[in-house]
Amino acid sequence: MEEKKELTEDKNPRSLNFIEEIIEEDLRSNVYDGRVHTRFPPEPNGYLHIGHAKSICLNFGIAKKYNGKTNLRFDDTNPVKEDVEYVDSIMEDVKWLGFDWEDRLFYASDYFGKLYEYAVILIKKGLAYVCDMTAEEISDTRGTPTRPGKESPYRNRSVEENLDLFTRMRNGEFADGSRVLRARIDMASPNMQMRDPVLYRILHATHHRTGDTWCIYPMYDFAHGQSDSLERITHSICTLEFEVHRPLYDWLVREIGIYAPKQIEFARLNLSYTVMSKRKLLELVGEKKVNGWDDPRMPTICGMRRRGYTPDAIRNFADTIGVAKRDNVIDVSLLEFLVREDLNKKANRVMAVLNPVKVILDNYPEDLVEEMEAVNNPEEESAGKRKVAFSRELYIEREDFMEDPPKKFFRLSPGTEVRLRSAYIIRCERVVKDTVTGEIAEIHCTYDPQTRSGMPESNRKVKGTLHWVSGKHAVSAEIRLYDRLFVKENPDDAEEGKDYKNYLNPDSLKVITGFIEPAVRSARPGDKFQFERIGYFCADKDSSGDKLIFNRTVTLKDSWAKIEKNQGT
RNA sequence: UGUCCGAUGGUGUAAUGGCAGCACUAGAGAUUUUGGUUCUCUCGGUCUAGGUUCGAAUCCUGGUCGGACAACCA
């Protein structure tokens, strides 16, 4: 057995993903002097989401693995969409995930001067020209994927005229949209990206960093590769939709005559039961389907942070899903599994009753209060122990009592015994119902004084263990029960006449008031707990000593729920 | 009627011409003062048709299916 296991491990010590394979090959052939230098290049026009987290982990992870470096670069070439608000949130999120760009923070806008010079080089080589057509005319003459485009009537302007026009574009002599600089490549190329792509457009807009210095701005294609080049990036890792841009990327650095990084594309992340496109997330926020970008139901990094997901869990997630080129939809239960796995080791246990019903111990002295000793985390001895007050009147979960229980119900019912966690074994003697509603108002029980936790008699076998809080000691708190935002596994593939918003989960948030043991009174925003037998919870950013607020991060696995469902109750 | 990319259990990902493995999910059991955790087991896969080869998930050819590309967005 043992030998066989070792054999398999030897055979496949650690398998590489396709990007690592490319890098190791480049390292062997020494193309980049043995360097590995990546970059994470977001446009500061929105908040980062879990898909960006995959890219961040990939870029920083690969650099770390091969002793390289990673730059953070803001791809800020479109002033009308971008803002410093996003710059700040992106830096916060990258740091929170646990990555450090050290002193390598860059902006594409830092290179506007250099990029302008590159454009001039291209013009002088006869490889770029100023085009006076309107956006519509350019679009009309581009052709289709199956039909070649038509050459612009301005395509054969002299170098001198192009130089003069481009200078005047820069000097602000022309109105927005009146002219562009285009590459002069091939209007009949089977690759649409090569049909004389626009390199510069006129935009009399104030840039969040360069102010009004420029009124022409480079397009993505003219900025990205050259920025990579200027930063001596070795491997420029991006998502699949840029695959068809690679010939242009390579053409530009080659014709300008500068250092050439290697672009590698991978499949972007899709997660089940959510949407990931910036446009849709923006819509959810704008139409108040959620309460902002950091709503705990959002797949944004700030949303997950507020929900109580940990950086470790998200990094493990990125490692576990791997990286490849085929389209994929990752099951969100994998993410939830990794969050539980991490929190199981880290979160202290606490007892909270979310749907209370009163239990009265008839044989327990009226004014007695005992301090029960409870383990903070059975998975982590160093987490220590705490005292929990116990008294005659308690609350337990309403779901933990049934008058007429089905088979396999191990909880409290008339005449049966259960253990109260870290306290006594109790027996249900009778119930008192509300005379009007018929709902159970009080469960009267007796406790067995010999079964206090730790005493020899406490080892007696009882089927169920319930969590509880002491009526006069518990603190109340607002509890926000979050669930999946969508009811459909892939909200993007909507039926005819519908869109993703038709599949919003109406029960994705329930707000209730719960009773929690007093230990949580000092909880600070972000503090994480396991509410025993219920789930993991995190103090919300708006939580305070005066008003405690807890967000449900994820439920515990619940095998009783499955049994119950199968019994058809 | 183009170019490029892709196709391995329900999901994701390995196997680099030599025993199709791992994780999640689902199911069964053991342990348990959380119906949690932990442990054990089970179900389940190479898109298709040919070819090369002693041997093909892997190489070749055809087909099928899916995705990207026609912003002065990134």
Side-chain angles (χ1 to χ4, degrees), chain A residues 8 11-12 15-17 21 41-43 45 75 77-78 80-82 131 133-135 138-140 142-149 176-182 189-195 197-203 217 219-221 223-224 238-247 265 267 272 278 320-338 340-341 344-345 349 351 374-375 378-379 408-411 419-423 425 453-454 458-467 489 530-535 556-564:
Chain A
T8 13
K11 205 172 91 184
N12 183 15
S15 61
L16 305 175
N17 65 50
E21 277 176 15
E43 183 189 15
N45 70 342
D75 216 343
T77 57
N78 187 0
V80 303
K81 283 192 173 180
E82 296 152 7
C131 180
M133 291 199 290
T134 64
I138 290 177
S139 173
D140 289 347
R142 195 176 333 259
T144 70
T146 54
R147 225 182 300 277
D176 287 6
S178 60
R179 286 184 165 86
V180 291
L181 183 75
R182 297 177 74 178
S189 171
N191 181 347
M192 298 291 293
Q193 307 303 322
M194 301 298 272
R195 318 240 265 228
V198 173
L199 268 21
Y200 265 94
R201 76 282 216 186
I202 301 172
L203 230 45
Y217 291 93
M219 300 292 290
Y220 164 84
D221 285 302
H224 202 95
C238 61
T239 44
L240 240 33
E241 65 268 29
F242 294 104
E243 217 160 18
V244 286
H245 292 244
R246 181 160 19 103
E265 310 87 11
S272 61
K278 218 171 252 184
T320 307
I321 60 176
V323 50
K325 298 191 78 155
R326 48 189 116 104
D327 295 328
N328 61 82
V329 182
I330 311 279
D331 196 330
V332 72
S333 50
L334 175 61
L335 216 207
E336 292 170 345
F337 164 80
L338 293 164
R340 283 192 200 101
E341 181 183 58
N344 180 46
K345 290 177 291 193
R349 274 57 169 170
M351 292 192 285
V375 173
E379 307 296 317
K408 291 194 185 169
F409 184 81
F410 301 154
R411 282 111 101 141
R419 182 190 307 282
L420 293 180
R421 172 117 239 234
S422 310
I425 294 174
S453 205
S458 71
N459 291 330
R460 212 167 77 210
K461 289 283 178 224
V462 283
K463 280 279 198 176
T465 300
L466 308 186
H467 61 276
E489 188 167 334
Q530 182 195 101
F531 291 179
E532 283 201 83
R533 303 210 302 136
I534 301 175
L556 252 30
K557 271 174 61 176
D558 187 353
S559 46
W560 165 243
K562 283 176 189 169
I563 295 168
E564 199 180 22

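Chain naming here is simple, since letters A, B, ... match the order of the sequence lines and numbering starts at 1 in each.
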Quiz item: Any idea which heavy atoms bring Asn328(A) and Ala267(A) closest together, and the distance?
Solution: ND2-CB, 3.8 Å
Exercise. Looking at every strand, decide which applies to Lys562(A) at a 4.0 Å heavy-atom threshold: base, sugar-phosphate, or nothing.
Key: sugar-phosphate
Quiz item: Rounded to the nearest Å, what distance is computed from the CG atom of residue Leu338(A) to the P atom of nucleotide rC22(B)?
Solution: 18 Å
Quiz item: For Lys463(A) and rU31(B), what is the distance between atoms NZ and P respectively, to the nearest whole Å?
Solution: 11 Å
Quiz prompt | Under the 3.5 Å Watson-Crick or G-U criterion, the dot-bracket string of RNA chain B, with | for inter-strand pairs | solution = .((((((..((((....[..)))).(((((.......)))))....(((((..]....))))))))))).....
Exercise. State whether the side chain of Asp558(A) and the backbone N or O of Ala561(A) hold a donor-acceptor pair below 3.5 Å, judged by distance alone.
Key: yes
Practice problem: Could you work out the separation of rG29(B) and rG9(B) based on their P atoms and round it to a whole Å? | Solution: 29 Å
Between protein and nucleic acid, restricted to nucleotides 37-40 of chain B and to nitrogen or oxygen atoms under 3.5 Å apart, what atom pairs and distances do you find?
{"residue": "rU37(B)", "atom": "O2'", "partner": "Asn344(A)", "partner atom": "ND2", "Å": "3.3"}
{"residue": "rU37(B)", "atom": "O2'", "partner": "Glu379(A)", "partner atom": "OE1", "Å": "3.1"}
{"residue": "rU37(B)", "atom": "O2'", "partner": "Glu379(A)", "partner atom": "OE2", "Å": "3.2"}

Exercise. Give one of base, sugar-phosphate or nothing for Gly454(A), where a contact means two heavy atoms less than 4.0 Å apart.
Key: base
Quiz item: Rounding to the closest angstrom, what is the interatomic distance between rC47(B) and rG35(B) at atom C1'?
Solution: 42 Å
Quiz item: Rounding to a whole Å, what distance do you find between Asn459(A):CG and rU31(B):P?
Solution: 16 Å
Quiz item: Looking across every strand, which nucleic acid part, if any, lies under 4.0 Å from Val462(A) by heavy atom: base, sugar-phosphate, or nothing?
Solution: nothing
Quiz prompt | Partners passing side-chain contact (heavy atoms from CB on, under 4.5 Å) against Asp140(A) (at least two apart in sequence or in another chain) | solution = Glu136(A)
Exercise. Taking atom P in both rG18(B) and rA23(B), compute the distance separating them and give it to the nearest angstrom.
Key: 23 Å
Self-check item: Pairing residues for Arg142(A) by the salt bridge (charged side-chain N to carboxylate O under 4.0 Å, His left out) criterion, not counting sequence neighbours
Solution: none
Quiz item: Among all residues two or more places apart in sequence or in another chain, which pass the salt bridge (charged side-chain N to carboxylate O under 4.0 Å, His left out) test with Arg179(A)?
Solution: Asp132(A)
Quiz item: Taking the C1' atom of each, how far is rA56(B) from rU48(B), in whole Å?
Solution: 15 Å
Quiz item: Under the side-chain hydrogen bond (donor to acceptor under 3.5 Å, both in side chains) test, which residues partner Ser139(A), sequence neighbours left out?
Solution: none
Practice problem: Check whether the side chains of Gln193(A) and Asn191(A) place a donor and an acceptor atom closer than 3.5 Å, and report yes or no. | Solution: no
Exercise. For Gln530(A), report the nucleic acid contact type (base, sugar-phosphate, nothing); a contact means any heavy atom under 4.0 Å.
Key: base
Self-check item: d(CG, Leu16(A); P, rU13(B)) in whole Å
Solution: 16 Å
Practice problem: Could you pick out which residue, Ala423(A) or Val323(A), lies toward the 5' side of RNA chain B when each is mapped onto its nearest nucleotide? | Solution: Val323(A)
Quiz item: Listed by chain and number, what are the side-chain hydrogen bond (donor to acceptor under 3.5 Å, both in side chains) partners of Asp75(A), not counting sequence neighbours?
Solution: His224(A)
Quiz item: Got a sec, which residues hit salt bridge (charged side-chain N to carboxylate O under 4.0 Å, His left out) with Lys325(A), two or more places apart in sequence or on another chain?
Solution: Glu243(A), Glu265(A)
Quiz item: Less than 6.0 Å separating the ring centroids of Trp560(A) and Phe410(A)?
Solution: no
Quiz item: Among rU25(B), rU33(B), rU13(B), which nucleotide sits nearest the side chain of Ser333(A)?
Solution: rU25(B)
Quiz item: Considering residues at least two apart in sequence or located in another chain, which fulfil the side-chain hydrogen bond (donor to acceptor under 3.5 Å, both in side chains) criterion with Lys408(A)?
Solution: none
Practice problem: Among the candidates rC24(B), rU33(B), rG36(B), find the nucleotide nearest to the side-chain atoms of Arg421(A). | Solution: rU33(B)
Quiz item: Among the nucleotides rU11(B), rA14(B), rG35(B), which one has an atom lying closest to any side-chain atom of Asp331(A)?
Solution: rU11(B)
Self-check item: Span that lies between the P atom of rC60(B) and that of rA28(B), in whole angstrom
Solution: 45 Å
Practice problem: Sugar-phosphate means primed atoms, P, OP1 and OP2; the rest is base. With that split, encode nucleotides 65-74 of chain B 5' to 3' as B, S or - using protein heavy atoms under 4.0 Å. | Solution: --SSSBSBBB
Quiz prompt | Inter-nucleotide C1' distance (rU58(B), rU8(B)), Å rounded | solution = 11 Å
Practice problem: Just call it for Arg147(A): base, sugar-phosphate, or nothing, with non-hydrogen atoms closer than 4.0 Å on any strand. | Solution: nothing
Quiz item: Whole Å only: how far is the CZ atom of Arg326(A) from the C1' atom of rU46(B)?
Solution: 11 Å
Quiz item: Under 3.5 Å, is there an N or O donor on one side and an acceptor on the other linking the side chain of Ser453(A) and the base of rU33(B)?
Solution: yes
Exercise. Under the salt bridge (charged side-chain N to carboxylate O under 4.0 Å, His left out) rule, collect the residues that match up with Arg533(A), sequence neighbours excluded.
Key: Asp400(A)
Practice problem: Can you tell me the distance, in whole Å, between the CG atom of Leu335(A) and the P atom of rU11(B)? | Solution: 18 Å
Exercise. Let me know the distance between CG of Asp558(A) and P of rG35(B), rounded to the nearest Å.
Key: 9 Å
Practice problem: Using the C1' atom on both, measure rU37(B) against rU32(B) and round to a whole Å. | Solution: 9 Å
Practice problem: Quick one: label Phe531(A) by what it contacts on the DNA or RNA (base, sugar-phosphate, nothing), any heavy atom closer than 4.0 Å. | Solution: nothing
Quiz item: Expressed as a whole number of Å, how far does the P atom of rU46(B) sit from that of rA74(B)?
Solution: 44 Å
Practice problem: For rA70(B), measure the glycosidic angle (O4'-C1'-N9-C4 for a purine, O4'-C1'-N1-C2 for a pyrimidine) and name it syn if it falls within 90° of 0, otherwise anti. | Solution: anti
Self-check item: Partner set under side-chain hydrogen bond (donor to acceptor under 3.5 Å, both in side chains) for Asp221(A), not counting sequence neighbours
Solution: His245(A)
Exercise. Return the value, rounded to whole Å, for the distance between atom NZ of Lys345(A) and atom P of rG36(B).
Key: 19 Å
Practice problem: Using a heavy-atom cut-off of under 4.0 Å over every strand shown, decide if Val329(A) touches base, sugar-phosphate, or nothing. | Solution: sugar-phosphate
Quiz item: Of the non-hydrogen atoms in Arg182(A) and Cys131(A), which two are nearest, and what is the gap between them?
Solution: CD-CB, 3.5 Å
